[in-house]
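Down below is the structure, laid out as C-alpha cells.
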Amino acid sequence: MPPKPVPADPGWDEDLAWLDRDPMTGAEREAWLDRLCAMDDDPCDGPQEYWDPQSCAPPPGQDELTPAELAGAAEAAADEMLALDAASTGRRGPGQAGSGRVFPGVSVSRAAGFGAGMAWDVTPGCPQLAVAAGAAAGGGGPGDCFGGVADHELAGLVCAWDRVEAHAAARKLAAVAEVFRRNPEDGFEPEPGRMPAVVPGFTRDQLACALGESRAAADWLLTVAWHLATRLGATLGALADGEITRGKAELIVRLTHYLSDEEAKAVEAAIVGRAGRLTPGGLRSALARAVLEAAPETAKERRRSAARFARVERWAEDSGNAALMGRELPPDEVLACDQRICWWAGELRKAGLEGGMDELRARAYLDLLLGKDSRPRDPQAADTTGQDADAGIAGQDTGGGDAAGGADQRPGTGPAGGAGGGFAGRVTLTVPLGTAAGLSDRPGELAGHGPVDPWLARDLVTAAAASPSTTWCITVTDQHGHAVGHGCARPEPTSHRKRAGPGPPRGAGNRDQAGFSFTPARRDGPPGGYGTWRLTTPGGGPDLLVAIDTLGTDPCQHRYQARGHDPGVRLRHLAQIRHATCTSPVCRRPAAQADFEHNTPYEAGGRTCLCNAGPKCRYDHRLKQQPGWTVEQLPDGTFRWTTPAGRSYDTEPTRYPI
C-alpha cells in the first residue's frame with residue numbers, strides 16, 4: 001500500500017527533458033511580454049531583431065550576412081524560443097497559473113503557440129493576441145476552421161479570446177470614463193486626469209442612445225467606469241490583462257461601491273490576486289468576507305439600513321409562469337424558512353407526491369404561504385378529518401420540536417395546521433473566537449448564506465449558546481485561513497475537573513458573566529497548542545473540553561486512517577472541515593452533501609485517510625472517473641485537476657474567517 005496517493009500521469013509523451021530547463025525569471029518574462037504587446041501589426045515598420053525574407057527587406061546593414069553570421073542569428077533565435085517555452089509557469093487561462101506541461105516542437109498546427117504553457121498561452125490580453133488567435137483559427141470569422149488543432153491548443157484559444165474580450169471591455173470602460181470626465185457637473189473644473197464626482201443626468205442618455213441600452217444600464221456603465229478609473233486601478237489592470245472577466249470586475253465594484261476609497265483599496269488588495277481563479281459565487285463570498293474585515297462598521301450600517309427596504313417582489317417569467325421573491329430579509333430567518341421548506345418538501349415526497357426536489361420545494365413554499373396541504377391522500381381519509389385537501393389553519397406555530405415531529409401530523413392538518421409538531425432548523429455558524437468573546441470585530445460565516453458582520457455573528461452565537469442542543473467545534477487556522485487543527489467539544493466530567501484543578505482564570509469575568517473564553521485545560525497548557533482546551537460559553541452552563549488535533553498531512557501520520565473502505569465519523573468530519581465544499585475547481589456544493597471520495601481508489605491500494613480523500617459531489621465523483629481526467633492530491637491538501645486537454649486547475653483547502 002503506497003504511503004501517499006499515486007501522482008497523476010505526467011503526460012502526453014515520455015520525454016521529460018523539459019523538466020531540466022531553467023525557467024525564465026519574472027523580469028525576463030515581463031520584458032518579453034512588454035515587447036510582445038508593443039509590437040506593430042506591420043512586420044516591415046521599424047527596425048527588427050529578426051525578419052522574414054519572404055515578407056520584407058532586411059533592416060539596413062544586415063542585408064549581407066556571412067554564413068557564420070546567419071548561423072549565429074539562427075542559434076540566437078532558437079535560444080529565444082527556448083526561453084519563451086520556459087515561460088510556461090504563467091496562466092492556465094484567465095487568472096490561472098500555467099500548465100506544468102510544455103510540448104516544444106511537437107505540434108505543427110496553426111495554434112501551436114496557444115498550447116499549454118506556450119508563448120501565446122501566457123500572453124496578457126492585447127490587440128496582438130486577437131490577431132494571433134484569429135490567424136490560428138484560420139481568420140475566417142465565426143466560421144473558423146480548427147482542423148489539426150490539438151485539444152490543449154483549442155482550450156488555449158478559448159482562454160485567449162476570453163482575455164481579449166476582457167481587454168476590450170477594459171478599453172471600452174476607459175472610454176466611458178473619458179465620457180464621464182468630459183461631462184462634469186456645473187461649476188466643477190477638474191484638474192488634468194481627475195474625475196468629477198458626478199455627471200449631469202443627461203450624460204447617461206447620450207450613452208444610452210449610442211449603445212442602444214436602457215438608461216439604467218448606461219448609468220451602471222458610468223458607475224463602473226468611474227470606480228475603476230478612480231480607486232480600483234488594480235481591478236482595471238487585471239481586466240485589461242484578461243485575468244478577470246468584466247462580470248467579475250463589476251462584482252468587485254458592486255460590493256465595494258459604498259466603501260471609502262481606503263476601504264475599497266484594502267478589499268481590492270485582498271482579493272484581486274485570486275479573483276480570476278474563483279467562480280463568481282466563490283468571488284462573491286470572498287469579497288463579502290474581505291469587506292467585513294476591512295470595514296465592519298460600514299458593513300453593519302449598510303445591513304441595518306438595507307433592512308428598512310425589505311420587500312416582496314413578483315414578476316412574470318418569460319415562460320408565462322410567475323415568480324415571487326423576498327428581499328433584504330434577516331439572514332437567520334431566511335435560513336430557517338429555507339430549512340422548513342426543505343422539510344415540508346420531504347414530507348410531500350414521503351407522501352408520494354411526484355416531481356423532482358426543486359418542484360417539491362416550490363410546492364412546499366406555496367403550501368406554507370397559503371396554509372395548504374398538497375400531500376396526496378385517499379378522499380375517504382380526507383372526509384374523516386372534516387377538512388378539504390386544500391384547507392389549512394392560519395397562525396402556524398414555528399417554534400420548538402424537531403423536524404421529524406411534522407411527520408406525525410394527521411392528513412388534513414397540513415404544514416400550517418400546527419398540530420404540535422413544530423420545526424427546529426440546524427445550521428453551521430463559524431465565528432472567530434475573538435469575535436465571540438468580544439475581543440475583536442472579525443466577521444463570521446453562516447453556512448448557506450455566507451459571511452456575516454461581527455455584531456450579527458455575536459448575536460447568533462449567543463443565541464445558540466442558550467440552547468442545550470447546540471454542539472461546538474473549534475477550528476484553528478493559519479495566516480491564510482486554512483484549517484490546520486480541529487476539535488469537537490464535549491462536556492467536562494466532574495471527576496476530571498476535580499483532578500485537573502480549577503485551571504487558569506477566565507479573563508476578567510466569571511461563570512455568570514455573559515461571554516466566551518477558551519483556556520488550557522491544565523495550567524501549563526497543551527504542548528505546541530495541540531491538546532485539550534476548556535471552552536466556556538455564556539449562560540452558566542458546564543464547561544466543555546476540546547481536544548485539538550492536527551489536520552496536517554505533510555507528512556501524514558495516518559492517525560485517523562480507517563482500516564476498511566468506509567471512513568469513520570471523525571475522519572469524514574475532518575475531511576469536511578478541511579474542504580467545506582466539493583473539491584472541484586468550479587463546484588460549491590457543501591461537503592456534507594458530497595461523497596467521501598478516495599483520490600487513489602481503495603481497490604488500487606489507496607488509504608482511507610486524510611492524505612488520500614476529500615469531498616466530491618456525486619457529479620464530480622463520476623467526472624473524475626471519466627477517461628482522460630486525473631486528480632492529484634498534494635500534501636498540503638490542494639487538489640489538482642487535469643482535464644483531457646492536458647490543462648491543470650488547483651483547488652485549495654477552504655479559507656475560514658481568521
Side-chain angles (χ1 to χ4, degrees), residues 4-5 7-8 95-97 270-271 273-279 281-290 293 428 430-432 442-445 447 450-451 473-488 529-530 548-561 567 570-600 606-617 620-621 624 631-642 648-658:
K4 60 182 180 180
Q96 295 286 343
I271 200 64
R274 58 191 181 103
R277 67 175 180 266
L278 295 174
T279 64
L283 177 58
R284 182 183 295 275
S285 179
L287 275 168
R289 185 182 300 123
E293 291 173 349
T428 299
T430 304
V431 182
R442 305 286 294 178
E445 189 147 349
C473 292
I474 298 292
T475 299
V476 182
T477 67
D478 61 15
Q479 67 272 24
H480 302 296
H482 299 148
V484 296
H486 184 78
C488 299
Y530 294 103
I548 302 294
D549 292 323
T550 178
L551 291 178
T553 55
D554 186 18
C556 185
Q557 302 298 320
H558 312 301
R559 65 177 64 192
Y560 314 118
Q561 178 178 343
R570 181 170 180 78
L571 176 57
R572 184 186 297 273
H573 177 63
L574 293 177
Q576 293 172 355
I577 292 298
R578 189 163 65 174
H579 288 273
T581 61
C582 171
T583 57
S584 164
V586 294
C587 181
R588 289 178 54 77
R589 180 174 291 275
Q593 302 173 18
D595 298 338
F596 179 92
E597 197 265 349
H598 295 73
N599 193 67
T600 298
R607 295 177 182 268
T608 305
C609 183
L610 268 180
C611 63
N612 185 47
K616 290 183 179 65
C617 69
D620 288 307
H621 192 161
K624 181 210 171 193
V631 180
E632 182 183 2
Q633 183 173 347
L634 306 183
D636 64 354
T638 296
F639 282 82
R640 177 164 294 161
W641 291 67
T642 303
S648 301
Y649 306 92
D650 292 352
T651 305
E652 66 176 352
T654 296
R655 295 198 184 206
Y656 288 94
I658 301 174

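All residue numbers in this chain count up from 1 along the given sequence.
Taking OG1 of Thr600 as the reference point, atom CG of Asn612 lies at 4.5 Å (rounded to 0.5 Å). Separating the CG atom in Asp650 from the CD atom in Glu632 is a distance of 9.0 Å, to the nearest 0.5 Å. Going from atom CZ of Arg578 over to atom CD of Glu652 covers 12.5 Å, rounded to the nearest 0.5 Å. Interatomic distance, NE2 of His482 versus OG1 of Thr638, reported as 7.0 Å (0.5 Å rounding). Note that SG of Cys473 is 9.0 Å distant from CD1 of Ile548, once rounded to the nearest 0.5 Å. To the nearest 0.5 Å, atom OG1 of residue Thr477 and atom CG of residue Leu551 are 11.0 Å apart.
When all heavy atoms of Lys616 and Cys582 are compared, the closest pair comes out as CA-SG, 3.8 Å. Across every non-hydrogen atom of Ala613 and Gln633, the tightest pair is N-OE1, 2.9 Å. For the pair Thr581 and Pro615, the tightest heavy-atom approach, listed with the atom from each and the gap, is O-CG, 3.7 Å. Considering every non-hydrogen atom in both Ala286 and Ile271, the closest pair reads CB-CD1, 3.3 Å. Of all the heavy atoms in Arg442 and Pro432, the pair that sits closest is CB-CG, 3.7 Å.
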side-chain contact (heavy atoms from CB on, under 4.5 Å) between Val484 and Val476, intermediate numbers included: CA-CA 6 Å; Val484 296; Val476 182; 4.0 Å; yes
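Looking at Asp549 and Arg570, their side chains come closer than 4.5 Å, going by heavy atoms from C-beta outward. Counting only heavy atoms from C-beta outward, the side chains of Glu597 and Asp620 never approach each other to under 4.5 Å. No side-chain heavy atom of Cys617 sits less than 4.5 Å from a side-chain heavy atom of Asp595. Inter-residue side-chain proximity for Leu610 and Arg559 is flagged as unmet; no heavy-atom pair is nearer than 4.5 Å. Residues Phe639 and Asn599 are in side-chain contact: their nearest non-hydrogen atoms beyond the backbone lie under 4.5 Å apart. The closest side-chain heavy-atom distance from Pro555 to Pro635 is not below 4.5 Å. Residues Thr475 and Thr430 are not in side-chain contact: their nearest non-hydrogen atoms beyond the backbone lie 4.5 Å or more apart. Using a 4.5 Å cut-off on side-chain heavy atoms (C-beta onward), His573 and His486 make contact.
Between the side chain of Tyr656 and the main chain of Ile577, a donor-acceptor pair closer than 3.5 Å is present. Side-chain atoms of Trp641 do not come within 3.5 Å of backbone N or O of Lys624 as any donor-acceptor pair.
With sequence neighbours excluded, the residues satisfying ring pair (Phe, Tyr, Trp, His ring centres under 6.0 Å) with Phe596 are His598.
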List, one per line, each side-chain donor-acceptor pair under 3.5 Å for residues 584-592, sequence neighbours excluded.
residue: Ser584; atom: OG; partner: Val586; partner atom: N; Å: 3.3
residue: Arg589; atom: NH1; partner: Gln593; partner atom: OE1; Å: 3.3

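The 12-atom threshold is exceeded at CZ of Arg274, counting heavy atoms of other residues, nucleotides or ligands nearer than 6.0 Å.
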